[in-house]
Amino acid sequence: MSSTSRSSLNNAPADPALATQAPAIRAEQLCRYYRMGETLIRAVDGVTLEVRAGEFVALLGSSGSGKSSVLNLIAGLDRPTSGSVMVHERDLAQLSREELARYRLHTVGMVFQSFNLIASMTLAENVELPMRFAEVNRGKRDGLAREALERVGLQARMSHRPSELSGGEQQRAALARALINRPQLLLADEPTGNLDSHTGTEIMNMVREFNQQLGMTVVMVTHERALAERYAQRLIFLADGKLVGDVDPEAMKELASAYTPVPGGVGPLTIAMLMANTVQIAEQHLCSA
Ligand code: ADP
Ligand code: MG
């Protein structure tokens with residue numbers, strides 16, 4: 001393996017200047033409506049938000065609140081009905097199909113609840129697939145796929161097929177695949193949704209490592225508040241396609257230091273949500289606590 005390929009996965013990929021520059025992601029009055037016969041479903045309904053480079057943001061909300069729709073728009077898998085998504089100052093709506101495909105290939109890594117590995121391929125083949133699309137040559141692909149699988153502790157399982165692996169191992173392979181083209185954004189849609197809590201924690205620790213050591217900006221969809229509180233620096237709440245709360249890192253830190261747990265009492269997140277005027281969500285939280 002060449003020294004270039006090794007350093008490519010171990011060093012922070014992003015331009016360090018990005019951390020202080022324009023936001024990594026900026027959505028402005030973002031809307032995505034679906035027409036189902038006579039009904040118009042406002043899956044995303046005027047969302048404006050910014051995510052800074054290197055941030056770890058959790059997107060929270062109940063089922064059907066529009067989380068996956070927002071994530072898919074940021075991923076360039078879908079186009080807005082109106083409004084815009086800018087990623088690193090590029091308006092995704094202005095990109096041609098080819099440019100959008102390149103954007104998905106080079107800028108974005110995605111992981112899903114259901115892993116989405118190709119069943120007929122070995123782990124190594126799954127992981128190197130994005131590099132085949134990116135026309136990386138064979139020798140380099142092998143080295144990088146091995147390195148990515150080592151990074152997630154699956155070096156011994158390279159020639160296994162997904163069905164021979166546990167859920168946690170499959171998600172680790174999916175993370176290796178998401179990492180392979182050194183994307184600046186990691187978008188995760190309920191990445192621990194199909195895993196037990198121990199395995200879920202393992203996956204989350206890896207996501208955090210990618211964020212902290214590789215400098216990847218992370219947007220993670222989840223409906224698990226505890227997970228979001230534990231790992232994300234910022235929590236964004238959606239309800240009915242609208243942004244109803246945005247709790248920033250400073251508020252989280254202050255609350256964490258001021259908060260003394262009371263058995264059966266309200267948690268720091270509840271207080272944070274009240275502070276962020278997300279009364280509706282806070283009420284739900286209190287009722288379900
Ligand atoms: P979440 O991820 O928060 O559960 P989604 O973004 O998947 O929510 O969905 C938001 C709303 O949009 C839901 O009412 C869902 O049924 C609807 N929706 C999502 N995708 C489509 C689609 N392709 N066609 C029609 N309706 C959709
Ligand atoms: Mg979803």
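In listed order, ligands and their atoms are each counted from 1. Values reported hereafter were calculated over all heavy atoms of this structure, with side chains retained and with hydrogens, waters and symmetry mates removed.
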Note: Glu164-Arg157 ion pair, threshold 4.0 Å (strictly below) | no
Please find out if the Mg ion (ligand 2) and some N, O or S atom of Gln113 are separated by less than 2.8 Å.
-> no
Nearest neighbour in protein (non-hydrogen) for atom 7 (O) of ligand 1 = Ser68 CB, 3.8 Å
Would you check the N or O atoms of Ala43, main chain and side chain alike, for any that come under 3.5 Å of an N or O of ligand 1?
-> no
Taking atom 1 (P) of ligand 1 as the reference point, the nearest protein heavy atom with its distance | Gly64 N, 3.5 Å
Any donor-acceptor pair under 3.5 Å from Asn126 side chain to Ile118 backbone = yes
Nearest-neighbour protein heavy atom for atom 23 (N) of ligand 1, which is reported as residue plus atom name and distance = Tyr34 CE2, 3.5 Å
Who's the nearest protein heavy-atom neighbour of atom 15 (C) of ligand 1, and how far?
-> Ile41 CG2, 4.8 Å
Salt bridge or not for Asp240 and Arg42, using N-O below 4.0 Å?
-> no
Counting only heavy atoms on the protein side, is anything nearer than 4.0 Å to atom 21 (C) of ligand 1?
-> yes
Find all atoms of ligand 1 within a distance of less than 4.0 Å from any non-hydrogen atom belonging to Ser69, and give their numbers and elements.
-> 5 (P), 6 (O), 9 (O)
Answer yes or no: does an N/O atom from Gly66 fall short of 3.5 Å to an N/O atom of ligand 1?
-> yes
